[in-house]
Amino acid sequence: MENRIVLFSNIKGGVGKTTLCALFASYLAENGIPVIAIDADLQASLYRHRQREQDVAVGVQAPWNVDLLDTTDSKQLKKVMTQLKKVPGVVLIDCPGNLNDRNLEYIYKSADTAVIPILFDPDTVDATGIFIKALKSISEAQLVFMPNRIITSERKSEELRQRAQTTELLGLVGTVTPTIKQSVTVKRYTTLYPLEKAQLDIVKPAFNKIMEIIK
């Protein structure tokens, strides 16, 4: 597969970008697609998650690699992004949505696709709108919106109307994937072992849509 740089990012925290990035990495690996993950977030949640798992599961072969990316050194960051563009397969970057960090422009500009997990509450929708505007001003990446932690039993007509309206608006600037429902199973991710069947059933429709776009 040709090189693809795929970001997981949003200015709004708590939307599940690290979890979805890890699950997608496992999904790609299990489908025979070369993949590495880069943790560019200051919290290094993905990288630290992998290290905790490896401390317990000594000797277990990791299905995909996780590397840290220092975004504070602009010269080094630009060099690393140039190298990542030459890696065969998919490079996933768990990226902070910090609009004030000018160095992150190197990452945004290198991206082929930006996966933006969203929730449908007003605060997240507003923040996502700000992030979209900023991202489009510096990057030509395809935008993919992934509705996450959706309560499928919700039947309030006003909330459903607002959800449909938001989905329609997002569809004007990018692709909206099938929703990922609220589930403890999804939040309980691993970076070392295959996806559980229950996890796969929930994420597969959305992940397949992303794969259609990046291939």
Side-chain angles (χ1 to χ4, degrees), residues 1-12 15-47 49-50 62-99 101-118 128 131-146 148 170 173-177 189 191 203 206-215:
M1 183 175 178
E2 295 182 4
N3 176 271
R4 293 289 186 272
I5 304 290
V6 180
L7 309 184
F8 277 74
S9 188
N10 195 333
I11 192 175
K12 186 69 169 67
V15 294
K17 66 180 183 64
T18 298
T19 298
L20 294 174
C21 181
L23 291 170
F24 190 53
S26 294
Y27 188 71
L28 290 173
E30 290 172 26
N31 280 275
I33 297 175
V35 56
I36 62 171
I38 305 296
D39 193 337
D41 200 323
L42 289 176
Q43 299 179 65
S45 298
L46 182 58
Y47 183 82
H49 190 107
R50 165 60 65 80
W64 40 275
N65 289 333
V66 182
D67 291 318
L68 281 175
L69 178 59
D70 182 3
T71 61
T72 61
D73 185 337
S74 60
K75 186 176 181 180
Q76 180 64 18
L77 177 59
K78 191 172 184 179
K79 179 180 178 181
V80 171
M81 291 310 302
T82 300
Q83 293 172 339
L84 290 176
K85 290 290 288 183
K86 300 176 182 178
V87 174
V90 180
V91 178
L92 302 179
I93 303 180
D94 185 11
C95 185
N98 186 350
L99 301 179
D101 189 345
R102 301 290 294 181
N103 287 346
L104 293 180
E105 288 190 18
Y106 293 121
I107 299 178
Y108 297 143
K109 288 179 179 178
S110 299
D112 298 296
T113 305
V115 178
I116 304 173
I118 61 167
T128 300
F131 181 65
I132 292 169
K133 185 177 180 180
L135 184 60
K136 286 181 67 66
S137 71
I138 59 174
S139 175
E140 297 181 359
Q142 301 177 83
L143 304 185
V144 180
F145 303 99
M146 186 181 298
N148 187 31
L170 292 175
V173 293
T175 300
V176 183
T177 72
Y189 75 93
T191 69
V203 302
F207 286 0
N208 279 347
K209 174 58 69 174
I210 300 175
M211 287 180 67
E212 289 176 10
I213 293 170
I214 66 177
K215 280 188 174 181

List the residues meeting side chain to side chain donor-acceptor pair (under 3.5 Å) with S26, not counting sequence neighbours, and say none if there are none. W64

Exercise: identify the closest heavy-atom pair between K215 and R4: C-NH2, 4.0 Å

With sequence neighbours excluded, residues passing side chain to side chain donor-acceptor pair (under 3.5 Å) with D70: T72

Looking at CD1 of I116 and OG1 of T177, how far apart are the two atoms once the value is rounded to the nearest 0.5 Å? 11.5 Å

If you round to the nearest 0.5 Å, how far is CD1 of I138 from CG of L104? 8.0 Å

Restricting to non-hydrogen atoms, name the atom on L68 and the atom on A44 that form the minimum distance, rounded to 0.1 Å. CD2-CB, 3.7 Å

Say you draw a straight line from CD1 of I93 to CD1 of I5; how long is it, rounded to the nearest 0.5 Å? 5.0 Å

Among pairs that include at least one residue of residues 79-94, which meet side-chain hydrogen bond (donor to acceptor under 3.5 Å, both in side chains), considering only residues two or more places apart or in two chains? K17-D94, T18-D94

Can you sort out the partners of K209 under salt bridge (charged side-chain N to carboxylate O under 4.0 Å, His left out), two or more places apart, ordered by chain and number? E212

For residues 139-146, which side-chain donor-acceptor pairs fall under 3.5 Å, sequence neighbours excluded?
| residue | atom | partner | partner atom | Å |
| --- | --- | --- | --- | --- |
| S139 | OG | Y108 | O | 2.7 |
| S139 | OG | A141 | N | 3.1 |

Please give me the minimum heavy-atom distance between L20 and F207, naming the atom from each residue. O-CZ, 3.9 Å

By ring-ring contact (aromatic ring centres under 6.0 Å, His included) - contacts of F131 (at least two apart): none

With sequence neighbours excluded, residues passing salt bridge (charged side-chain N to carboxylate O under 4.0 Å, His left out) with K109: E105

Quick check: closest heavy atoms across A29 and P63, and the distance to 0.1 Å? CB-O, 4.1 Å

Residue pair I132, L170: steps toward the side chain to side chain contact (heavy atoms under 4.5 Å, CB included) verdict: CA-CA 10 Å; I132 292 169; L170 292 175; 3.8 Å; yes

Is there a side-chain contact between P96 and L42, using heavy atoms and a 4.5 Å cut-off? no

Only counting residues at least two apart or in another chain, list the ones meeting side-chain contact (heavy atoms from CB on, under 4.5 Å) with K133. none

Check side-chain contact (heavy atoms from CB on, under 4.5 Å) between L77 and all other residues, then give those that pass, not counting sequence neighbours. L69, T71, M81, N103, Y106, I107

List, one per line, each side-chain donor-acceptor pair under 3.5 Å for residues 30-40, sequence neighbours excluded.
| residue | atom | partner | partner atom | Å |
| --- | --- | --- | --- | --- |
| E30 | OE2 | L195 | N | 2.8 |
| N31 | ND2 | Y27 | O | 2.8 |
| D39 | OD1 | D41 | N | 3.1 |
| D39 | OD2 | S45 | N | 3.4 |
| D39 | OD2 | L46 | N | 3.0 |
| D39 | OD2 | Y47 | N | 2.9 |

So how far is it from T191 OG1 to L23 CG, rounded to the nearest 0.5 Å? 10.5 Å

Separation of I214 CD1 from N3 CG (nearest 0.5 Å): 10.5 Å

Contacts of type salt bridge (charged side-chain N to carboxylate O under 4.0 Å, His left out), residue R50, not counting sequence neighbours: none

Taking side chain to side chain donor-acceptor pair (under 3.5 Å) as the definition, give me every residue that meets it alongside T128, ordered by chain and number, with sequence neighbours left out. N10

